[in-house]
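Reading through the structure tokens given below for one structure.
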Amino acid sequence: MINGERFLAELSDYAKRSDIYSFFSTHTDFYKECVQKVKEILVRNDYVKDIEDYYGLKQRSYNIILSPLFEGNYGPRIKNGDGYDLYAIIGEGKAEAVYEEDMIRYLIWHEFSHSFINPLSDEASNKSYLNGFEANFETIKERMKKQGYTSWITTINEHVIRAVTVRLTYIKHGEAQADKLMSEEKEKGFLYVSELCKSLSTMKIIGISTG
């Protein structure tokens, strides 16, 4: 475990030695372009409401961090008083501000969903129950590990979140788009998403129909 104070000190030292502030100032227009593109998408779509309506729960705040050169996406949360501040760290992996609407929608639904789903699988009783199905990991283990999902519980979280995202796509954008997303997830190795979607389609969460 990295000591928090040491990490901040090292990060501050790196920023000074690399003169990262000069780098940021010379790329201000690019960063503004990134933010503006995503803002235009968010003005037209309330993705947070989609999530809260689906789960029947609210979080303290939702924050998007754009990191164009970063490869990968993450959805951490930070405890704040009696609630949580959620973050969607979105990478493009390229030095250009693409940020297409379909991608932004998918990643916001996906990354914020981690803060709704992960705590459930972390509960001791749920984790014990889920570990009883660990034999199902063998079929997809190698493909999951190549994508950074090295444990059964992490793989379950990813499957459930991807299934929820497919269901949200169905609810908001229809069967054709949902089927397309389902096929993409299965091509990535998430073979159990289809069955999870069938189960989710028959559920009601806090009185809200997911069908």
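Any value given below was found using the heavy atoms of this structure, including those in side chains, with hydrogens, waters and symmetry copies removed.
In this structure, the side chains of Ile161 and Asn118 come closer than 4.5 Å at one or more pairs of heavy atoms. Trp109 has its side chain out of reach of Val164: every pair of non-hydrogen atoms, C-beta onward, lies at least 4.5 Å apart. In this structure the side chain of Pro76 never reaches within 4.5 angstrom of the side chain of His114, judged on heavy atoms. Within the 4.5 Å cutoff, the side chain of Arg162 has no heavy atoms near those of the Val166 side chain. In this structure, the side chains of Phe190 and Met144 come closer than 4.5 Å at one or more pairs of heavy atoms. Within the 4.5 Å cutoff, side-chain heavy atoms of Tyr54 are placed close to those of Leu200. For the pair Gln177 and Leu181, the minimum side-chain heavy-atom distance is 4.5 Å or more. Side-chain atoms of Glu185 and Lys180, non-hydrogen and from C-beta on, never get closer than 4.5 Å to each other.
In this structure, Ile153 is not a member of the same hydrophobic cluster as Leu120, with clusters built from ILVMFWY side-chain heavy atoms closer than 4.5 Å. When hydrophobic clusters are built by joining Ile, Leu, Val, Met, Phe, Trp and Tyr residues whose side-chain heavy atoms come closer than 4.5 Å, directly or via intermediates, Met103 is grouped together with Ile41. The cluster map of Ile, Leu, Val, Met, Phe, Trp and Tyr, joined by side-chain heavy atoms under 4.5 Å apart, puts Phe23 and Phe30 in the same cluster. If you chain together hydrophobic residues whose side chains sit under 4.5 Å apart, Tyr14 and Phe24 fall into the same group.
How far CD of Glu101 is from CG of Leu42: 9.5 Å, rounded to the nearest 0.5 Å. Interatomic distance, CZ of Arg167 versus CE of Met182, reported as 8.5 Å (0.5 Å rounding). Taken from NZ in Lys39 to SG in Cys34, the straight-line distance is 12.5 Å, to the nearest 0.5 Å. How far CG of Leu107 is from OH of Tyr74: 12.5 Å, rounded to the nearest 0.5 Å. To the nearest 0.5 angstrom, Ile89 atom CD1 is 7.0 Å from Phe70 atom CZ. For the atom pair Ile51 CD1 and Tyr55 OH, the distance stands at 7.0 Å (nearest 0.5 Å).
Counting only distance, with no hydrogens or angles, the side chain of Ser12 and the backbone of Leu8 share no donor-acceptor pair below 3.5 Å. The closest donor-acceptor contact from the side chain of Asn80 to the backbone of Gly83 lies at 3.5 Å or more, if one exists at all.
The two residues Ala163 and Cys197 have their closest heavy-atom pair at O-SG, 3.6 Å. Residue Leu191 comes nearest to Ile140 through the heavy atom pair CD1-CG2, 3.6 Å, listed as atom of the first residue, atom of the second, then distance. Scanning both residues, Gly91 and Asn73, for their nearest heavy atoms gives N-OD1, 2.9 Å. In this structure, Trp152 and Phe133 approach most closely via the heavy-atom pair CZ2-O, 3.3 Å. Contact detail for Val193 and His159: the closest heavy-atom pair is N-CD2, 3.7 Å. Across every non-hydrogen atom of Gly75 and Glu111, the tightest pair is N-OE1, 3.0 Å.
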- Query: So Glu158 and Gln147, side chain to side chain contact (heavy atoms under 4.5 Å, CB included) or not? Walk me through it.
  - Reply: CA-CA 11 Å; Glu158 285 295 320; Gln147 297 175 69; over 6 Å; no
- Dump the intermediate steps for side chain to side chain donor-acceptor pair (under 3.5 Å) on Glu33 and His27, then the final yes or no. CA-CA 10 Å; Glu33 180 187 358; His27 292 80; over 6 Å; no
- Task: Go through the steps for Tyr87 and Arg77 under the test side chain to side chain contact (heavy atoms under 4.5 Å, CB included), then give the verdict.
- Result: CA-CA 6 Å; Tyr87 294 84; Arg77 66 175 184 164; 5.9 Å; no
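Comment: Asp29 does not engage Lys32 in a salt bridge, judged by the lack of any side-chain N to carboxylate O separation of less than 4.0 angstrom.
Relative to the ring axis of Tyr84, Arg60 does not place its NZ or CZ within 45° and under 6.0 Å from the centre.
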Can you give me every donor-acceptor pair (side chain of residues 61-69, partner residue at least two apart or in another chain, under 3.5 Å) with its distance?
| unit_1 | atom_1 | unit_2 | atom_2 | d |
| --- | --- | --- | --- | --- |
| Ser61 | OG | Asn63 | ND2 | 3.1 |
| Ser61 | OG | Asp85 | OD1 | 2.6 |
| Tyr62 | OH | Glu52 | OE2 | 2.7 |
| Tyr62 | OH | Gln59 | N | 3.2 |
| Asn63 | ND2 | Leu86 | O | 2.9 |

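By the neighbour-count criterion of 12 heavy atoms within 6.0 Å, atom NZ of Lys58 is sparsely surrounded, having that number or fewer from other residues, nucleotides or ligands. The 12-atom threshold is exceeded at CD of Glu40, counting heavy atoms of other residues, nucleotides or ligands nearer than 6.0 Å. For NZ of Lys172, the number of neighbouring non-hydrogen atoms (other residues, nucleotides, ligands) closer than 6.0 Å is 12 at most.
Every pair passing side chain to side chain donor-acceptor pair (under 3.5 Å) that includes a residue from residues 126-137 is listed here, sequence neighbours excluded: Glu123-Asn126.
Every residue two or more places apart in sequence or in another chain that forms a side-chain hydrogen bond (donor to acceptor under 3.5 Å, both in side chains) with Ser121 is listed here: Asn157.
In the model, Thr154 has a side-chain atom that pairs as donor or acceptor with a side-chain atom of Ser151 under 3.5 Å.
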